[in-house]
Every structure is written in C-alpha cells, then in structure tokens.
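Here's the structure we're looking at; comments come further down.
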There are 2 protein chains.
Amino acid sequence: MAAHASLPAPWDTLPAQLRARGQRWTPQRDAVVRALSSARGHLTGSQLVDLCRATDPSVVPSTVYRTLDALEELGFVRHSHGADGREEYHLGPDASHGHLHCAVCGGQWQIQDDEVDAVSAAFAGRGFAVDASHVTIVGRCRACTAAGN
Amino acid sequence: MAAHASLPAPWDTLPAQLRARGQRWTPQRDAVVRALSSARGHLTGSQLVDLCRATDPSVVPSTVYRTLDALEELGFVRHSHGADGREEYHLGPDASHGHLHCAVCGGQWQIQDDEVDAVSAAFAGRGFAVDASHVTIVGRCRACTAAGN
DNA sequence: ATTAATGCAAACGGTTTGCACTACT
DNA sequence: AGTAGTGCAAACCGTTTGCATTAAT
C-alpha cells in the first residue's frame, strides 16, 4: 500500500520527488516522515526508531536509517551530532542567518544548518534556547590561519 | 613502578592530588596523562586509547576510560562531544569568556569550556578557528522559556 | 516483470562492566 | 596487608551491512 493521509507542509512533495528519481514511497518511509514531522526540533536516530516502532512495530532500525539517508540525499533532512554524542536528524532547509566573522580579514560567511544545530545542542543542556538567526561567531578563517595570522 | 620523568605544567600536582584522595598513581595513568598533554587541543576517547597503546601496548581501553573518569572528577580534563559524535576530552580549566545573552530578560551567563568546545567543533570542519573569548550567543534562557516568553 | 526497499540477523566501532589478579600505598 | 587499579573478555548501544524476500512501480 503506502498510506497517504496527506503529509504536512514540506513533505507533501516528497513521494513525487522520490518517484521522479526512480525511488519508491513506502509505508515505512511514511512512518519515518510522520515521526520526523510530528516531533518539533531534532531527533536522534534511535529516538526516531523508537517513535516509528511505537506506531508501526514492523519498522526495523535499518529501514529507518536507510530512509534517513534517502531523505538526506534529497535535502529533506540533515543530520548533525547532538550533545549526547548521537546522530541527530532535523527537518529540511530552514532559513538560519547566523554568521561567521573573521577578525583578521573581516570576511563573513553564513552559518549552516548543521552548525547551528551543533551550537544549539551545546547550550540545550542548560535550558538555553539559541536564536539561530542571531548567532555570530568571531574567529579566524581558514585562509587567514593558513597565511599565519 | 610509576614512571616519574616530571609531568608538564598543570599535571605535576596530579599524583599528589590523587594520593591525597586515597587514589593511586600508576604507569597507565602516566601514559594517559602524557598522551593528553602531548596532544594539543582535543582528543576522542579512542584516539587517546590508540595514542597510549602506541607507547605502551599494555594499556587497555577500559583503563584509559576509567582514568579519564578519575581525571575528570579531579577537574583535570573535561569531556564534550565532538562533531564526529564521539566523546572528546581536553585539558583542564582554561579561561574562556564567552557569554550567553538572553534576549528576553537581558541576563548574561558565562559559557563553559565544554560548550566552547562544542561551538569550536561545529566550525572546525570548515577551517574556522573560533575565538573562544568572543563568543556571544543570543537566545532565550531557561527561566524565560519556562515563563512562556 | 523489474528492481527498490524491506526484514532479519549478524557485524561493527566505541564505550562500559564484572571479575579475578596485580601492584601501589 | 589492604585495596585501588588493572587486564581481560564479554556485554552494551547505536548504527551499518549482506542477503534473501517483498512489494511499489
């Protein structure tokens, strides 16, 4: 089959995107996506496994991880590494506008999603919710470091 | 025995501190400390294991990890979780003066070592060297979050 | 009918644990 | 002598893999 009770927001185009690449939409992938979208924020791989199995006990870890790989390839999820040292997956490309600022050359770069995640995770333990759009990190960029500054 | 070719900087008082607590100084702990101090920056647990075994093949993983626990209890090392998702250990308390700033209540808190490490690790991949003393993270503190702001 | 995706079970790497033995104090 | 610390080997957890089977296309 492949349950289709209409997917939320960014996921609704997913089945089509998969099929366009010759890939398939399955009940298991549906379960993974629903678990992902129901849980706001980030999930570790094993949390996701448990969540999926709660609704559909037939879902097996390998399927979850393989599905995540597939979703990541399409840019629907990204993964980083949480403060607990486990893989952490989160929803697709959302705008984050943090910046990296080189104190030497004055260059600026946008901070990427997974980097924001890592920063957020660093302070999650003390209950501090990082505002991703206001993160500015000062330091020295690769070029300036290489130049010996 | 317990090799004693004089330990570098902050470690020289370690044997005494251990003994003061009824704990012991062993060649294995010596090996771990030397590996830690020789490697500038951070090391994962398994990197440390390998490093130790390179000089002293008799050192076994469990001993390394147990030693790290002991060192951490004394405040000689701290551990965080690196971008590769593994435990990462680093040298004792060094001054870092980054701050957390709550956009709601205006409160400020000092960023801790392991948090700085996590932030640094987030950008290490792109060759950006974070200036720990200039990290300021804006967000919402636990209290303000709890208050529903 | 094809072949992508699944379930299973086994393997993996890093870390932790129980226990008898060793060696620091 | 007393006991903290060790080495070993086995357990553990999250993740990955090989392979025969199932099911979406």
Side-chain angles (χ1 to χ4, degrees), chain A residues 1-4 14-33 35 42-53 55-74 76-77 79-89, chain B residues 1-4 14-33 35 42-53 55-74 76-77 79-89:
Chain A
M1 9 111 193
H4 270 151
L14 175 54
Q17 285 195 46
L18 281 170
R19 294 195 182 101
R21 308 180 87 210
Q23 296 174 246
R24 297 168 187 179
W25 184 243
T26 67
Q28 294 81 354
R29 295 188 164 184
D30 187 78
V32 171
V33 165
H42 316 314
L43 287 168
T44 66
S46 55
Q47 284 177 326
L48 200 45
V49 169
D50 293 343
L51 249 176
C52 290
R53 304 194 65 128
T55 37
D56 182 348
S58 80
V59 181
V60 99
S62 51
T63 295
V64 174
Y65 287 106
R66 283 188 284 226
T67 297
L68 287 169
D69 287 347
L71 293 179
E72 193 159 18
E73 234 164 79
L74 285 175
F76 277 83
V77 301
H79 84 288
S80 40
H81 296 270
D84 65 341
R86 300 289 160 218
E87 316 266 357
E88 209 163 70
Y89 292 87
Chain B
M1 11 123 189
H4 270 153
L14 176 53
Q17 285 193 47
L18 281 170
R19 293 192 183 103
R21 308 179 88 210
Q23 295 174 244
R24 296 169 188 179
W25 185 243
T26 67
Q28 293 84 352
R29 294 187 166 184
D30 188 78
V32 171
V33 165
H42 317 314
L43 287 168
T44 67
S46 56
Q47 284 176 326
L48 200 44
V49 169
D50 294 342
L51 249 176
C52 290
R53 304 194 66 129
T55 36
D56 181 349
S58 80
V59 181
V60 97
S62 50
T63 296
V64 174
Y65 288 107
R66 284 187 283 225
T67 297
L68 286 169
D69 287 346
L71 294 179
E72 193 159 19
E73 233 166 79
L74 285 174
F76 277 82
V77 301
H79 85 287
S80 41
H81 296 270
D84 64 340
R86 301 289 160 218
E87 315 267 357
E88 210 163 70
Y89 292 87

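As the structure is a computational prediction, the values presented were derived from the model and not from experiment. All heavy atoms count here, side chains included; hydrogens, waters and symmetry mates do not. Just so it is clear: chains get the letters A, B, ... in the order the sequence lines come, proteins before strands, and each one is counted from 1.
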Is the phosphate of C:dA5, meaning OP1 or OP2, less than 4.0 Å from a side-chain N or O of A:Arg29? yes
Could you tell me whether the phosphate oxygens of C:dT6, OP1 or OP2, come under 4.0 Å of any side-chain nitrogen or oxygen in A:Ser58? no
When rounded to the nearest 0.5 Å, the distance separating CD of A:Glu73 from CG of A:Leu68 is 12.0 Å
Quick one: list whatever passes side chain to side chain contact (heavy atoms under 4.5 Å, CB included) with A:Asp56, sequence neighbours left out. A:Ser58, A:Val59
Taking only the side-chain nitrogens and oxygens of A:Thr67, find out if one of them lies under 4.0 Å from OP1 or OP2 of C:dA5. no
Going by side chain to side chain contact (heavy atoms under 4.5 Å, CB included), name the residues that satisfy it together with A:Gln23, two or more places apart in sequence or in a different chain. A:Leu18, A:Arg21, A:Arg29, A:Ala70
5'-most contact on DNA chain D: B:Gly22 or B:Val60, nearest heavy atom basis? B:Gly22
Under the criterion side chain to side chain contact (heavy atoms under 4.5 Å, CB included), which of B:Leu51, B:Val49, B:Asp50, B:Leu43 is the partner of B:Gln47? B:Leu43
I'd like a table of atom pairs between the protein and nucleotides 18-21 of chain C - only N or O on both sides, under 3.5 Å - with the distance next to each one.
{"residue": "C:dG18", "atom": "O6", "partner": "B:Arg66", "partner atom": "NH1", "Å": "3.3"}

Considering just the side-chain nitrogens and oxygens of B:Arg19, establish if one lies under 4.0 Å of OP1 or OP2 belonging to C:dT25. yes
Would you say B:Thr26 places a side-chain N or O within less than 4.0 Å of OP1 or OP2 belonging to D:dT6? yes
B:Gln17 meets the side-chain hydrogen bond (donor to acceptor under 3.5 Å, both in side chains) criterion, sequence neighbours left out, with B:Thr13
On DNA chain C, nearest-nucleotide positions of B:Gln28 versus B:Asp69: which is more 5'? B:Asp69
Output all residues satisfying side chain to side chain contact (heavy atoms under 4.5 Å, CB included) with B:Ser62, sequence neighbours left out; order by chain, then residue number. B:Val60, B:Arg66
Consider the side chain of B:Arg24, meaning its heavy atoms from C-beta on, and name the nucleotide among D:dA4, C:dG7, D:dA24 that approaches it most closely. D:dA4
